[in-house]
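Position 1 is the first residue of the sequence, and the numbers go up from there.
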Amino acid sequence: CIPLSAKTGLGVEQLLEMISLKAELMELKADATRSGIGYVLESKPEKGRGPMATILCKQGTVHIGDYFVCGNTVGKVNSLVNSEGFRIQEVGPAVPVAIAGFEALPEVGSLFKVVTYEEYKKAKEEYEKARVAAIKMRAHAIKENIFDNITDIQVKNKSDARELAE
């Protein structure tokens, strides 16, 4: 047990040493040479950049220009911004980074995975099909609701200037 205080900073150095020691003993290492895999920590639309998400890479490395699949959306990494607000070219394991380039806003907790261009195209086609199907379902439901609510329609036909037929 390590006494710790965020206000005074008491025990922070000891805690960091213990975490580092524990990681060494457990041999916790991530392979930075493979394609990036991580999880979405937060997502939000940002003016001028579109949908953005902060991810934490669990394995591998993410580079600018990589194609990815993330939950119910896809995209291409347009920019990487670290926690200090600086643009970077790549990010490795255990570093949170904000990514721009999503087709739509991903859900928090979604799996983020760097994929090949072919996998990206296939996932994008499936995503588009699902999106179009959802739009059609909503339109059909709205159309049905409109016609269900209409009970009495009066049609007036102006057949002559003097006569009005109902």
Practice task
Could you tell me whether Lys122 and Glu125 have a side-chain N and a carboxylate O separated by less than 4.0 Å?
Solution key: no

Fill in the blank from the handout: In this structure, OG of Ser35 is separated from CD of Gln59 (nearest 0.5 Å) by 11.0 Å

Problem - Co-membership, hydrophobic cluster, residues Phe112 and Tyr39, 4.5 Å side-chain - result: no

Check residues 86-102 and write down every donor-acceptor pair under 3.5 Å in which the side-chain atom is one partner and the other belongs to a residue at least two apart or another chain.
| from | atom 1 | to | atom 2 | distance (Å) |
| --- | --- | --- | --- | --- |
| Glu90 | OE1 | His63 | NE2 | 3.0 |

Exercise for the section: Give a yes or no on whether Met137 and Ile135 share a hydrophobic cluster (residues Ile, Leu, Val, Met, Phe, Trp, Tyr; joining criterion: side-chain heavy atoms under 4.5 Å apart). Expected result: no

Problem - side chain to side chain contact (heavy atoms under 4.5 Å, CB included) between Glu119 and Tyr67, worked out - result: CA-CA 9 Å; Glu119 291 172 303; Tyr67 293 97; over 6 Å; no

Fill in the blank from the handout: In this structure, CD of Glu126 is separated from CZ of Arg131 (nearest 0.5 Å) by 15.0 Å

Exercise for the section: Determine whether Glu17 and Ser20 make a side-chain contact, defined as any pair of heavy atoms from C-beta on separated by less than 4.5 Å. Expected result: no

With a 3.5 Å cut-off and sequence neighbours excluded, list the donor-acceptor pairs that the side chains of residues 4-12 form with protein atoms.
| from | atom 1 | to | atom 2 | distance (Å) |
| --- | --- | --- | --- | --- |
| Ser5 | OG | Lys7 | N | 3.4 |
| Ser5 | OG | Thr8 | N | 3.2 |
| Ser5 | OG | Thr8 | OG1 | 3.1 |
| Thr8 | OG1 | Leu10 | N | 3.3 |

Handout entry: Connected via hydrophobic side-chain network under 4.5 Å: Val69 and Val77
Key = no

Practice task
Step by step, work out the side chain to side chain contact (heavy atoms under 4.5 Å, CB included) result for Ile37 and Val114.
Solution key: CA-CA 6 Å; Ile37 298 174; Val114 173; over 6 Å; no

Problem - Glu128 atom CD: more than 12 heavy-atom contacts under 6.0 Å - result: yes

Show me, pair by pair, the donor-acceptor contacts under 3.5 angstrom made by side chains of residues 45-58, not counting sequence neighbours?
| from | atom 1 | to | atom 2 | distance (Å) |
| --- | --- | --- | --- | --- |
| Thr54 | OG1 | Glu42 | OE2 | 3.3 |

Completion exercise
CG (Asp66) and NZ (Lys76) are apart, to the nearest 0.5 Å, by 9.5 Å

Handout entry: Atom of Thr73, atom of Pro106 and distance for their closest heavy-atom approach
Key = CG2-CB, 4.0 Å

Completion exercise
Correct closest heavy-atom pair for Gly36 and Val62 would be CA-CG2, 4.1 Å

Problem - Verdict with supporting geometry, Phe68 and Tyr120, ring pair (Phe, Tyr, Trp, His ring centres under 6.0 Å) - result: CA-CA 6 Å; Phe68 62 85; Tyr120 161 78; 7.9 Å; no

